[in-house]
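To start, the structure under review is shown below, and the notes come after it.
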Amino acid sequence: MTNSMETGLKPDWIGRARIPSLDGLRAVAVVLVLLNHACLTKDFPDIPLLHGIGKAGAIGVEVFFVLSGFLITTLMLREQDRTGELNLTVFYWRRLLRVAPAYVTLLLAVVAMQLLDASHLAPRDWFAAITMTINFVHRPAWELGHVWSLSIEEHFYLLWPLAFVMTPRKWHVAQLAICIAFCFVARWIVLLAFPEWTPMSENWTFTRLDTIALGCLLAFGARQRACRDRLDRMTAWWPAILLVLVVSLAASRLSAKWTVGIAFLLNGVCIALLVWTAARSSPKWLNGRAISTIGVGSYSLYLWQQLFLNPLRESWVTAYPQNLVLTALAALASYWIVETPFLRLKDRHRKIATSETVRSLPIRKHTMTPLRRVLTSRNDA
């Protein structure tokens, strides 16, 4: 998986263009989440290997967290290098255009389901879903329960750019380290002093931001020769890192203290190192068109899967395999009908012209299909 490039050399994607393998990693993450839920649904085949992977599939959310921190911070650093500052108004506007259209459409779909008596959300669930605080609700309705991770990411998108703009760049790494330490300590305080709160605390923002912060730290490390050199040496042993992650996931089934007290941080570190390995070596299997397409649509897949991969219902819609087919169709419709127009509007706010990227490609712009443009443009955040 590693390549033959000289240790510590600066990758050409640091300051521009698409980061290799990120969409492929997104695809892996969303497939793990889908399997995690699908293996609990009606008529799913009784294949031990699939169920074993499915039980560990929640790790896909942590992969998303690391990728979000890495990509967003990389883009913020690029803009600061290019213009000398980060435009918060443009940043928040682009985030709104990326997240809100599909999310609002999902909420409207759940409203329709409730009117048809196909779902039953309590007022607290609706309030939390609208205010993006559902990660603080204990056992929310299944249809919107997965929004806990999206809520944490949105809290991160709100807080980190503010800290980035309001403090000198030399303080940013220290701020991220403090965030990681704070989350780690907060989880142990809950474990030891308030053990009955442990299941709820797993989704709280101030106990889970450290995984995203690890991705942010990776973005800073990627820009420094000494850090790249250390990362390259560490990830030369990437099979051992992957083995540690697998063992950690297996141990998490045995102890809540291991899961909350140790595994969240350990898993995040392992994932960050594997992300660096993938971005650095750019393996073909993570950069093929099929897997990249799934990665581009991972947000849509993640949003809509919960309506169809519902283990609490045994209807035809929520039974395997049609539940996976319906998830894919809903995600496809969401991406092309709802999200794409707003993505075009969002891209108008990019400071770096898209044409600059296209000119660097070996294929002319007018010969590119819409899908090919998506896959060869910059990583979407």
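Numbers for residues simply follow the sequence, beginning at 1.
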Problem - Same apolar cluster: Val99 and Val338, side chain cutoff 4.5 Å - result: no
Practice task
Could you tell me whether a side-chain N or O of Thr131 sits under 3.5 Å from a main-chain N or O of Phe127, the two making a donor and an acceptor?
Solution key: yes
Exercise for the section: May I ask you to say whether Asp23 pairs ionically with Arg26, meaning some side-chain N is under 4.0 Å from a carboxylate O? Expected result: yes
Practice task
Could you tell me the separation between the OG atom of Ser300 and the CD atom of Glu339, rounded to the nearest 0.5 Å?
Solution key: 3.0 Å
Handout entry: Single-linkage hydrophobic cluster Phe182~Leu159, side-chain heavy atoms < 4.5 angstrom
Key = no
Problem - Side chain His37, main chain Asn310, donor-acceptor under 3.5 Å - result: no
Exercise for the section: Please confirm whether the backbone N or O of Gly54 pairs with a side-chain atom of Asn36, one donor and one acceptor, at under 3.5 Å? Expected result: yes
Handout entry: Residue pair Trp126 / Val110, side-chain heavy-atom distance below 4.5 Å
Key = yes
Exercise for the section: Please answer: with hydrophobic residues joined when any side-chain heavy atoms are less than 4.5 Å apart, are Ile294 and Trp285 in the same cluster? Expected result: yes
Practice task
Using the rule that two of Ile, Leu, Val, Met, Phe, Trp, Tyr join whenever any of their side-chain heavy atoms come within less than 4.5 Å, decide whether Leu108 and Val317 are in one cluster.
Solution key: no
Handout entry: Worked verdict on Leu176 versus Leu214 for side chain to side chain contact (heavy atoms under 4.5 Å, CB included)
Key = CA-CA 8 Å; Leu176 293 169; Leu214 286 166; over 6 Å; no
Exercise for the section: Would you indicate whether Gln80, at its atom CD, is surrounded by more than 12 heavy atoms from other residues, nucleotides or ligands within a distance under 6.0 Å? Expected result: yes
Exercise for the section: Verify the neighbour count for atom CZ of Arg139: are there more than 12 heavy atoms of other residues, nucleotides or ligands below 6.0 Å? Expected result: no
Problem - Lys55 backbone acceptor or donor facing Arg253 side chain under 3.5 Å - result: no
Exercise for the section: Give a yes or no on whether Phe184 atom CZ has more than 12 heavy-atom contacts from other residues, nucleotides or ligands under 6.0 Å away. Expected result: yes
Handout entry: Passing option when Arg223 is tested against Thr73, Thr74, Asp81 for side chain to side chain donor-acceptor pair (under 3.5 Å)
Key = Asp81
Handout entry: Residues Thr207 and Glu202: side-chain donor-acceptor under 3.5 angstrom
Key = no
Handout entry: Exercise: do His120 and Gln114 side chains pair donor with acceptor under 3.5 Å
Key = no
Exercise for the section: Answer yes if Val185 and Ile212 sit in the same cluster of Ile, Leu, Val, Met, Phe, Trp and Tyr residues linked by side chain heavy atoms under 4.5 Å apart, and no otherwise. Expected result: no
Practice task
Using a cut-off of 6.0 Å, state whether more than 12 heavy atoms not belonging to Met200 lie near its atom CE.
Solution key: yes
Problem - Heavy-atom donor-acceptor pair, Thr235 side chain to Leu231 backbone, under 3.5 Å - result: yes
Practice task
State, with a plain yes or no, whether a side-chain heavy atom of Leu75 is found less than 4.5 Å away from one of Phe91.
Solution key: no
Exercise for the section: Report yes if the side chains of Trp188 and Val260 come closer than 4.5 Å at any heavy-atom pair, otherwise no. Expected result: no
